[in-house]
Number of protein chains: 2
Amino acid sequence: MLARRRHDEIVKILRLDGMVRVSTLAVALGVSEMTVRRDLETLSSSGIVEKFHGGASLVGRPTTEEPGFDVKRTMQTDVKESIAEKAAARVRPGSSVGLTAGTTTWMLAKYLDVRPLTVVTNSISVAEVLYPMASPTLDVVLTGGVRTPSDALVGPVAVASLSSLHIDVLFMGVHGMTERAGFTTPNLMEAETNRAFIRGAAELVVVADHTKFGVTGLSTICPLESADSLIIDAELDEAALQLLRSEIPDVELVRPEPTESPERKQFNDPKPFDVTGVA
Amino acid sequence: MLARRRHDEIVKILRLDGMVRVSTLAVALGVSEMTVRRDLETLSSSGIVEKFHGGASLVGRPTTEEPGFDVKRTMQTDVKESIAEKAAARVRPGSSVGLTAGTTTWMLAKYLDVRPLTVVTNSISVAEVLYPMASPTLDVVLTGGVRTPSDALVGPVAVASLSSLHIDVLFMGVHGMTERAGFTTPNLMEAETNRAFIRGAAELVVVADHTKFGVTGLSTICPLESADSLIIDAELDEAALQLLRSEIPDVELVRPEPTESPERKQFNDPKPFDVTGVA
DNA sequence: AAGCATGTTCGAACATGTGCGAATTGACGA
DNA sequence: TCGTCAATTCGCACATGTTCGAACATGCTT
């Protein structure tokens with residue numbers, strides 16, 4: 001097996017399980033431990049993984065590996081992360097939530113830790129974040145459809161799926177919001193799909209960072225006042241905030257945490273990991 | 001062979017298999033390794049491929065091509081590859097085809113090179129094979145649903161999506177087939193979803209390797225006679241073949257081509273191979 | 001004949017496994 | 001809390017096999 005392929009394989013395994021032992025990788029990849037160490041050394045100096053005695057984990061926060069779909073590295077990652085975290089805190093056990101496609105909702109998915117929970121999404125990336133966590137108390141429903149470049153499943157199939165589903169809270173990411181155009185997205189079909197999403201939702205929570213304000217996408221999803229809540233970062237200027245508050249009952253301001261490298265697992269607990277046993 | 005043509009060929013091969021070894025390409029293209037290296041050098045500086053020690057891959061694409069869901073490397077890979085290739089050859093331009101979940105159908109997807117084409121699938125892995133090839137002449141529709149461990153999207157959402165879609169040919173993988181139980185799968189919901197798939201299909205082509213014969217899964221999808229065609233490898237014993245032919249109008253026997261997966265290639269094996277699959 | 005694509009040769013770079021001493025860890029007892 | 005020990009893990013150094021690419025040779029095209 002080629003070195004390069006091993007590297008990809010290692011990252012893939014780490015995505016599934018957060019951490020691996022060197023010995024496990026050696027068996028899984030069919031090479032000696034020394035080779036695994038050298039691979040980890042390489043990945044480590046590229047900043048991809050973090051080595052520790054006995055194994056390695058993905059570096060720092062949840063996946064530095066971008067969700068390939070977010071080509072426009074608009075950054076704001078920390079901001080979005082904070083917004084996502086705050087949004088996730090609103091989810092109540094036993095409810096069913098919807099997540100549209102988007103970077104923020106993708107991050108949100110990672111913070112969903114209440115159970116039982118049902119999640120409906122039209123984003124493959126979001127679904128893939130949740131699948132490894134799936135359990136009898138976590139249902140993940142993917143709507144069908146055709147995929148847009150931004151990784152949303154849209155179109156008649158998506159709309160039809162959504163029209164038969166009813167969710168408690170919909171978390172929706174948007175590409176832009178203005179007073180006149182409301183919440184917008186560049187993609188016509190995505191707008192339509194999101195409207196179908198909204199129709200089936202008891203509550204609409206929009207998640208967005210401040211750079212979205214004043215931006216108008218091609219297609220309107222819904223007017224501002226359709227949102228029950230908006231979670232946005234505090235960089236927003238005063239006038240904008242005024243306006244948003246006048247249209248939306250509940251505007252929650254989030255200020256990015258001053259960096260956290262919080263609950264990264266500690267190394268003295270190398271949980272054994274069996275690659276072959278992945279169901 | 002012209003340099004330009006080789007470049008196209010290399011890219012084509014890479015689309016199919018994620019990565020190739022220089023040595024493999026040299027044999028496949030019938031040129032020296034040095035020439036392959038020069039080709040890769042060109043493609044690399046155009047930003048098309050990414051070189052690494054021993055081979056190359058498409059930029060930004062992981063070299064791991066295994067469908068994560070098939071961790072139980074059930075073998076028969078060469079056989080399945082041949083079956084998939086033969087099945088793909090049946091697809092006519094302008095038609096719409098369905099692909100159920102499964103390793104064989106996943107491989108089949110890689111060989112779909114006629115256009116225009118519409119593909120409907122309930123497997124995320126299959127969809128992901130097709131997305132990079134998507135174009136105005138290739139539509140990929142993913143049904144919704146919840147995901148089974150074997151990577152099929154199933155359940156009411158899937159069934160509802162399928163009931164509104166009509167396809168020309170459905171390629172279905174199965175877990176088992178016997179005279180009494182017909183085509184079977186271990187998963188109840190998957191069986192139901194496959195039935196919905198079949199209802200919307202004008203023609204049913206089952207793809208399976210001979211190890212599936214005599215195996216009974218928990219749930220019957222449909223009786224043997226529901227299949228219009230069966231594509232299976234020639235390892236099948238005579239009695240089984242008799243039986244199958246008596247139930248299914250068209251049984252196509254495939255014998256594994258010397259076609260081999262590049263990554264399993266041994267060097268002392270000089271037999272040429274044509275990855276393109278277009279005879 | 002000049003120019004280009006390709007093959008061949010060969011030393012350097014790279015990749016991998018093994019042996020072995022050093023470093024880290026966790027458990028036990030004072 | 002601290003010290004000690006045994007087991008594990010690490011990574012250097014070396015040996016071996018593979019791959020790379022510069023330089024040169026050959027043959028085809030214009």
Side-chain angles (χ1 to χ4, degrees), chain A residues 1-11 13-14 17-59 264-275, chain B residues 1-11 13-14 17-59 62-64 260-270 272-273:
Chain A
M1 181 186 274
L2 259 44
R4 174 52 198 275
R5 180 192 272 283
R6 277 202 314 276
H7 295 174
D8 286 351
E9 204 75 39
I10 289 172
V11 171
I13 289 172
L14 280 172
D17 198 299
M19 74 170 49
V20 259
R21 325 188 96 253
V22 171
S23 51
T24 308
L25 279 178
V27 175
L29 302 173
V31 294
S32 73
E33 299 199 353
M34 190 63 234
T35 299
V36 171
R37 285 197 194 92
R38 281 190 274 242
D39 287 343
L40 291 177
E41 179 55 38
T42 305
L43 289 169
S44 171
S45 60
S46 317
I48 315 269
V49 309
E50 190 178 351
K51 287 204 307 176
F52 54 81
H53 199 90
S57 69
L58 283 184
V59 76
R264 201 66 213 134
K265 287 188 216 171
Q266 272 319 304
F267 305 143
N268 40 17
D269 178 23
K271 164 171 85 176
F273 161 68
D274 180 14
V275 192
Chain B
M1 183 185 271
L2 263 50
R4 172 57 68 84
R5 176 152 161 60
R6 276 202 314 276
H7 294 175
D8 290 348
E9 206 67 30
I10 289 173
V11 171
I13 290 172
L14 280 173
D17 276 307
M19 65 152 268
V20 260
R21 305 183 129 260
V22 171
S23 51
T24 307
L25 280 177
V27 176
L29 302 173
V31 295
S32 73
E33 300 199 352
M34 191 63 235
T35 299
V36 171
R37 283 196 198 95
R38 281 190 274 244
D39 287 342
L40 290 177
E41 180 54 39
T42 306
L43 288 169
S44 171
S45 59
S46 315
I48 315 270
V49 309
E50 185 185 354
K51 285 204 310 176
F52 48 80
H53 199 89
S57 71
L58 286 182
V59 288
T63 60
T64 59
E260 37 196 307
S261 324
E263 75 271 29
R264 301 201 206 298
K265 175 122 181 83
Q266 291 303 312
F267 308 127
N268 44 9
D269 183 356
F273 90 112

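Naming convention: chains lettered A, B, ... in sequence-line order (proteins, then strands); numbering from 1 in each chain. Note that the structure is a prediction, hence the values are computed from the model and not measured.
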To check you understand the geometry: which heavy-atom pair defines the closest contact between B:L40 and B:K51, and what is its length? CB-CD, 3.6 Å
Please determine which of A:R5, A:H7, A:R4 meets the side chain to side chain contact (heavy atoms under 4.5 Å, CB included) test together with B:F52. A:R4
B:H53 side chain, from C-beta outward: closest of C:dC14, C:dT6, D:dG21: C:dC14
Between A:M19 (CE) and D:dT9 (C1'), how many Å, whole number? 16 Å
Is A:R21 close enough to D:dT9 that one of its side-chain N or O atoms is under 4.0 Å from OP1 or OP2 there? yes
Phosphate oxygens OP1/OP2 of C:dT16: is one of them under 4.0 Å from a side-chain N or O of A:R37? no
Establish, with yes or no, whether the OP1 or OP2 oxygen of D:dT19 is under 4.0 angstrom from a side-chain nitrogen or oxygen of B:K51. no
Lys/Arg N to Asp/Glu carboxylate O, B:E41 vs B:R37, below 4.0 Å: no
Whichever of A:L2 and B:V36 has its nearest DNA chain C nucleotide further upstream toward 5': B:V36
I need the CZ-C1' distance between A:R5 and C:dT16, as an integer number of Å. 18 Å
OP1 or OP2 of C:dT6 versus the side-chain N and O atoms of B:R6: is any pair under 4.0 Å? yes
Nucleotide D:dG11, atom P - distance to CZ of A:R38 in whole Å: 11 Å
Between C:dG17 atom P and A:L25 atom CG, what is the distance in whole Å? 13 Å
Please give, in whole Å, the distance from C:dG21 C1' to A:M34 CE? 14 Å
In A:V36, A:V11, A:L25, A:D39, the residue satisfying side chain to side chain contact (heavy atoms under 4.5 Å, CB included) with A:R6 is A:D39
B:E33 CD to C:dT8 P: how many Å, rounded? 11 Å
Measure CZ/B:R4 against C1'/C:dC4 and give the value in whole Å, please. 15 Å
Does C:dT16 have its OP1 or OP2 closer than 4.0 Å to a side-chain nitrogen or oxygen of A:S32? no
May I ask you to verify if any side-chain N or O of B:T35 is less than 4.0 angstrom from the OP1 or OP2 atom of C:dT6? no
B:L40 atom CG is separated from D:dT19 atom C1', nearest whole Å, by 13 Å
